[in-house]
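Read through the structure below, which is laid out as structure tokens, and then see the notes.
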Amino acid sequence: MTKTRFNTYDVVCSVTELQRLVGMRVNQIYDIDNKTYLIRLVRNEEKVVLLLESGNRFHTTAFEWPKNVAPSGFTMKMRKHLKNKRLESLRQLGVDRIVDFQFGSGEAAYHIILELYDRGNILLTDCELKILNILRPHVEGEELRFAVREKYPEDRAKQDRGPPPMEKVRETIAKANPGDTLRTALNPILEYGASVIDHALTKYGLFGCRIGGELNPVPPEVSKKVKKKQKAIAKEFAKVFNPEEDMTALMCAINDAETMLRQGMREPSKGFIIQKKELRPAKEGEPEEYYLTNLEYQPYLYNQYKDEPYQEFASFTAAVDEFYSTLEGQKIDLKSFAQEREALKKLSNVRTDHAKRLDDLTKAQLEDRKKAELITRNQNLVDSALLAVQSALASQMAWSDIQDLVKAAQANNDPIASCIRQLKLEINHISLLLKDPYAVLDEEEEEEEEEEREDDEQKLEPMVVDVDLALSAFANARKYYDQRRFAARKEQKTIESSSKALKNAEKKTLQTLKDVRTQTTISKARKVYWFEKFYWFISSENYLVIGGRDQQQNELLVKRYMRPADIYVHAEIQGASSVVIKNPSGAEIPPKTLLEAGTMAISYSVAWDAKVVTSAYWVRSEQVSKTAPTGEYLTTGSFMIRGKKNFLPPCHLVLGLSFMFKLEESSVERHKGERKVRTFDEESVVSVEEEKRQDQEIQLEEEGEESEHEEKVGEDLPEKVEDLTIKEEKDPQSSSEDDDDDSGPKFPDTHIKVEHDTGKVSVQPDPTLQRLTSLPDPDSVVFLGDDKPFIITPAPPRKKQVQKSKQKAKNKEQAKEDAAVRAGRRLEAVQKQGPLKRGQKAKLRKIKEKYGDQDEEERKLMMDILNDPAKKYPGKKPPPRQKAADLEEVPDDTPAAADVDMLDSLTGCPHEEDELLFAIPVVAPYQSLHSYKFKVKLTPGTGKRGKASKTALQIFLKDKQCSHREKDLLKAVKDETLARNIPGKVKLSAPQMQKVKK
């Protein structure tokens with residue numbers, strides 16, 4: 001059984017080793033779950049993480065444990081009192097499994113008391129041991145209460161009184177129950193722990209001894225398991241302890257255990273992990289493989305474990321950390337081994353069932369042949385019996401009367417009645433006991449017959465045979481022969497199909513074993529990134545975009561993960577997520593990334609279910625504040641935006657589900673620059689590729705033909721690029737004037753069309769400019785008596801003129817509305833500040849008179865000049881920008897500034913030669929997934945997200961371009977992870993999706 005908690009000797013050794021932490025300061029406190037907490041301690045450049053688990057363990061750890069997103073109340077209380085405090089002392093209370101950590105000194109001291117027995121507990125107390133917070137409040141007895149504002153009873157711990165005297169040991173053994181082991185009897189009076197006691201007893205040959213005497217009678221109400229356990233103890237511990245002969249050796253063993261305890265208090269000890277060697281499941285004929293599982297961690301290599309495999313460490317805490325950090329991996333291994341055993345067991349069952357079926361068919365043939373032979377050899381007897389019963393039935397006798405008639409005839413030793421064993425008149429059968437009438441032949445003739453017999457023929461023994469009353473003896477014999485022939489044909493077919501069935505079963509088993517081992521390897525290699533707890537995606541220009549799932553995550557995202565160069569994106573709609581664009585370089589964020597982040601903010605809101613298209617906005621990080629206006633209150637996850645909001649174009653509710661693959665380091669260089677900020681020309685080329693790619697359907701495995709589209713794209717790209725170039729024809733008369741300007745760049749008037757749902761950019765020349773610069777129609781040129789031609793330009797239709805006038809009126813109305821909106825916003829800003837104080841009305845009136853003639857551009861220009869530090873402080877160094885006091889700075893050890901190298905190791909379009917480690921599902925705006933190999937479109941609908949994610953996975957797995965490694969990685973992704981980031985009800989769109997559903 002796997003060890004899960006510290007014993008007394010483990011506590012002693014761990015306290016001795018962790019004395020090196022005394023003097024370090026508390027930097028931060030985290031919680032893994034409601035029982036496990038991490039305390040990060042620092043001293044100069046040295047950092048150590050101390051792990052405390054209520055009731056089980058405490059040790060330093062180098063393993064990266066997953067922390068809770070939002071700290072618990074108990075964690076916040078410890079942060080409040082212990083942050084920046086120095087660890088002054090670490091001691092064990094008595095020899096009990098209670099550890100006292102003191103932080104700070106004097107009246108500013110605080111204690112964390114960790115209890116490692118029973119259900120465990122963690123308590124936070126002040127310098128007088130008054131409980132400030134407790135993990136598990138409870139009551140012991142009538143007077144002892146463990147609750148806030150109660151004083152912790154320090155004297156309740158077991159005190160160290162040294163080894164017990166011999167008289168007490170004798171008395172304890174005399175009071176012990178007969179049949180109990182020696183360790184069980186001594187454990188109440190010894191404080192060393194079961195492992196140390198066994199070690200000492202093994203050294204003096206007392207391990208396995210039990211207390212002598214007559215066993216207590218087992219009451220009948222005791223369960224069978226208890227009785228079985230008692231019998232097993234009596235069988236295993238057969239040696240009986242003799243107090244007179246073995247007492248001296250026992251006292252020496254106790255003194256050795258005491259010496260070990262004192263040594264553990266003085267010197268740090270090494271660490272050992274005791275392992276168990278188990279046979280790995282394998283197919284028949286394969287060599288045996290063994291694997292090691294961790295059973296226990298110990299600070300000493302005890303005598304009882306010397307023959308077991310073990311692993312040695314430099315310190316006990318290192319062994320404990322390794323044991324618990326590999327516990328999850330070991331559970332994955334054990335689970336995979338269980339699945340392998342199950343698969344091999346199924347294959348074995350198939351083989352056993354097949355062999356049994358063949359054996360049953362062989363036995364049925366032999367039985368039918370014997371019955372037919374007996375009927376043939378006793379034909380007259382069978383016909384007479386059939387005739388007698390048929391006559392009785394024809395005379396309309398009752399079935400009971402027929403039964404009595406047969407019994408009377410049997411009593412008179414009638415030969416025909418004597419062979420009748422049972423009347424089955426309900427099915428029109430009778431059972432006859434038939435014997436071989438030729439069994440009295442000479443032995444020589446029998447030997448000759450045995451030599452001439454077929455292999456399946458044996459001597460005919462007497463047998464009860466069922467015969468049909470509606471058939472004659474010969475017809476009954478023929479029926480049994482037919483049954484034999486049918487069984488023989490069935491056996492032949494079974495044998496013929498057996499090889500195929502067994503091959504299929506073996507193939508299925510091998511595939512199952514391969515899948516299990518592959519998924520186990522992937523699960524171990526899978527690294528959970530820090531941003532996966534949020535909504536996230538990587539934009540088409542390689543910026544990490546993360547959003548909060550709820551109010552707590554929105555708060556955490558802004559307080560902990562948003563840096564000064566990052567961009568905050570939000571939408572003025574209920575439930576919209578707070579989205580942060582990570583910007584480690586500090587450069588300007590491209591518009592395409594801003595639009596994709598806005599799509600994410602809108603999609604994770606009520607707009608998705610309501611199918612409402614609206615706009616998001618973005619601001620810089622310094623504009624986000626947690627300080628509410630006077631008299632107002634900001635709830636969790638709500639923030640105040642200061643200054644101008646930069647609104648984005650309306651975002652379409654179109655997301656995509658795809659997969660990103662983690663690349664091995666050697667394959668990362670191949671994908672550098674895959675997601676980058678593209679120029680206008682590059683974007684035009686990409687739009688051509690996407691236009692062609694949209695017409696191509698996903699090729700599924702059921703289809704025979706493969707698409708040759710990729711080759712055509714490469715050939716047609718230069719032509720398409722040339723087509724995008726706008727050629728301007730010049731008038732011959734004006735060529736001389738334009739020759740002077742050929743050296744400068746040309747900027748033709750163009751119409752740029754952006755499709756927000758797909759990100760496609762199309763470029764077209766201005767139709768008005770094209771009409772003006774094109775060659776005149778010959779029919780429209782008129783000569784008015786001189787050499788100069790007069791060109792008649794057609795008047796625009798009346799409808800267009802009307803539209804232009806309407807458009808001008810609409811523009812004026814729009815300008816008025818915009819002005820009214822701006823005035824309303826200013827009014828709201830003033831109203832939010834509360835009622836105007838004395839003198840503010842006059843001040844506002846003066847400001848209005850002074851700056852009334854300024855328009856928006858002049859006002860913006862003046863504000864830029866005022867905000868420029870170089871102009872505001874000429875000749876001086878501008879003061880450093882202070883951090884917003886209202887945003888709490890929470891130290892974090894995660895790489896919140898998105899590491900570009902880490903992002904480059906994730907790709908959506910792997911190559912054949914790439915080495916892939918694992919796959920991560922991603923839900924992102926569809927326009928950011930154009931270069932990805934696997935993708936489906938998600939729009940608001942009525943389908944459940946779990947079913948949609950499974951359908952999408954089936955589409956990806958059936959794609960012909962999906963390699964075996966990619967299939968293995970996709971299959972290893974858990975269903976809950978796959979559907980986690982899909983917003984609400986969805987509609988799935990993908991080529992040939994109906995074929996997958998069938």
Side-chain angles (χ1 to χ4, degrees), residues 68-73 75-76 79-80 530-531 533-536 544-583 589 594 597-610 612 614-648 650-651 653 821 824-835 881-892 896 981 983-984:
N68 275 346
V69 176
S72 63
T75 304
M76 295 302 293
R79 286 180 180 181
K80 176 183 177 182
W530 64 271
F531 50 79
K533 57 191 171 190
F534 303 104
Y535 294 127
W536 70 277
L544 178 63
V545 184
I546 49 179
R549 295 179 182 274
D550 50 30
Q551 294 177 348
Q552 284 77 19
Q553 281 202 352
N554 288 341
E555 189 95 5
L556 181 73
L557 195 62
V558 174
K559 284 187 174 182
R560 179 180 294 181
Y561 293 98
M562 191 167 71
R563 296 294 180 262
D566 296 343
I567 297 296
Y568 178 85
V569 184
H570 195 53
E572 293 179 340
I573 188 170
Q574 182 183 355
S577 176
S578 289
V579 178
V580 172
I581 305 175
K582 302 300 297 179
N583 186 17
I589 301 292
L594 291 171
T599 303
M600 180 184 188
I602 296 296
S603 298
Y604 293 111
S605 70
V606 295
W608 183 268
D609 291 329
V612 175
T614 183
S615 298
Y617 65 85
W618 66 270
V619 295
R620 302 191 182 277
S621 59
E622 60 264 19
Q623 295 179 247
V624 184
S625 171
K626 193 65 180 172
T627 303
T630 305
E632 295 186 14
Y633 169 73
L634 290 176
T635 58
T636 302
S638 301
F639 301 96
M640 196 73 187
I641 305 299
R642 313 282 185 188
K644 180 184 176 183
K645 297 178 182 177
N646 305 284
F647 280 87
L648 298 167
C651 303
L653 300 173
V821 169
R825 286 179 183 168
R826 294 195 198 100
L827 183 60
E828 288 178 4
V830 172
Q831 289 176 351
K832 284 185 179 179
Q833 294 176 359
R881 189 175 67 181
Q882 293 182 353
K883 192 178 294 182
D886 51 359
L887 289 182
E888 177 190 357
E889 179 67 19
V890 182
D892 184 42
N981 289 352

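Keep in mind the model is a prediction, meaning the values are calculated, not measured.
Between Tyr535 and Tyr604, the two ring planes are parallel [angle under 30°; tilted spans 30° to 60°]. Relative orientation of the Tyr561 and Trp530 rings is parallel, given thresholds of 30° and 60° on the angle between their planes.
Although no hydrogens or angles enter the test, the distance criterion places a donor-acceptor pair under 3.5 Å between the side chain of Ser621 and the main chain of Pro564. Side chain of His570 to backbone of Ser577: a donor-acceptor contact under 3.5 angstrom is found. A distance-only check finds a donor-acceptor pair linking the side chain of Asp566 to the backbone of Asn583 [under 3.5 Å]. Side-chain atoms of Trp536 do not come within 3.5 Å of backbone N or O of Phe531 as any donor-acceptor pair. Put simply, the side chain of Gln623 gets close to the backbone of Lys644: a donor and an acceptor are under 3.5 Å apart. The main-chain N or O of Leu653 is never found under 3.5 Å from a side-chain atom of Ser603 such that the two would form a donor-acceptor pair. Checked by atom type and distance alone, the side chain of Lys626 pairs as donor or acceptor with a backbone atom of Ser638 at under 3.5 Å. Between the side chain of Gln553 and the backbone N or O of Lys533, at least one donor-acceptor pair lies under 3.5 Å.
Nearest heavy atoms, Asp609 versus Gly984: OD1-CA, 4.5 Å. Nearest approach of Met600 to Val545, heavy atoms of both residues: SD-CG1, 3.8 Å. Summarising the geometry of Asn554 relative to Gly548, their closest heavy-atom pair is OD1-CA, 3.2 Å, with the distance given to 0.1 Å. What you find for Ile546 and Phe534 is that their closest heavy atoms are CB-CB, 4.4 Å. Closest approach of Ala571 to Ser615, counting heavy atoms only: CB-O, 4.0 Å. Shortest non-hydrogen contact noted between Ala616 and Gly598 is CB-CA, 3.8 Å.
One distance of note links CG of Leu648 with CG of Leu594; it measures 6.0 Å at 0.5 Å rounding. Rounded to the nearest 0.5 angstrom, Leu557 CG and Ser578 OG are separated by 7.0 Å. Distance CD/Gln551 to CG/Leu556: 13.5 Å, rounded to 0.5 Å. Atoms OG1 and CZ, from Thr614 and Phe647 in turn, are 8.5 Å apart once rounded to the nearest 0.5 Å.
With hydrogens and angles left out, the side-chain atoms of Asn981 and Arg549 include a donor and acceptor closer than 3.5 Å.
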Audit row: Ile641, Tyr617, side chain to side chain contact (heavy atoms under 4.5 Å, CB included) steps and yes/no: CA-CA 11 Å; Ile641 305 299; Tyr617 65 85; 3.8 Å; yes
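Using a 4.5 Å heavy-atom cutoff, the side chains of Arg642 and Thr627 are in contact. Looking at Arg620 and Ile567, their side chains come closer than 4.5 Å, going by heavy atoms from C-beta outward.
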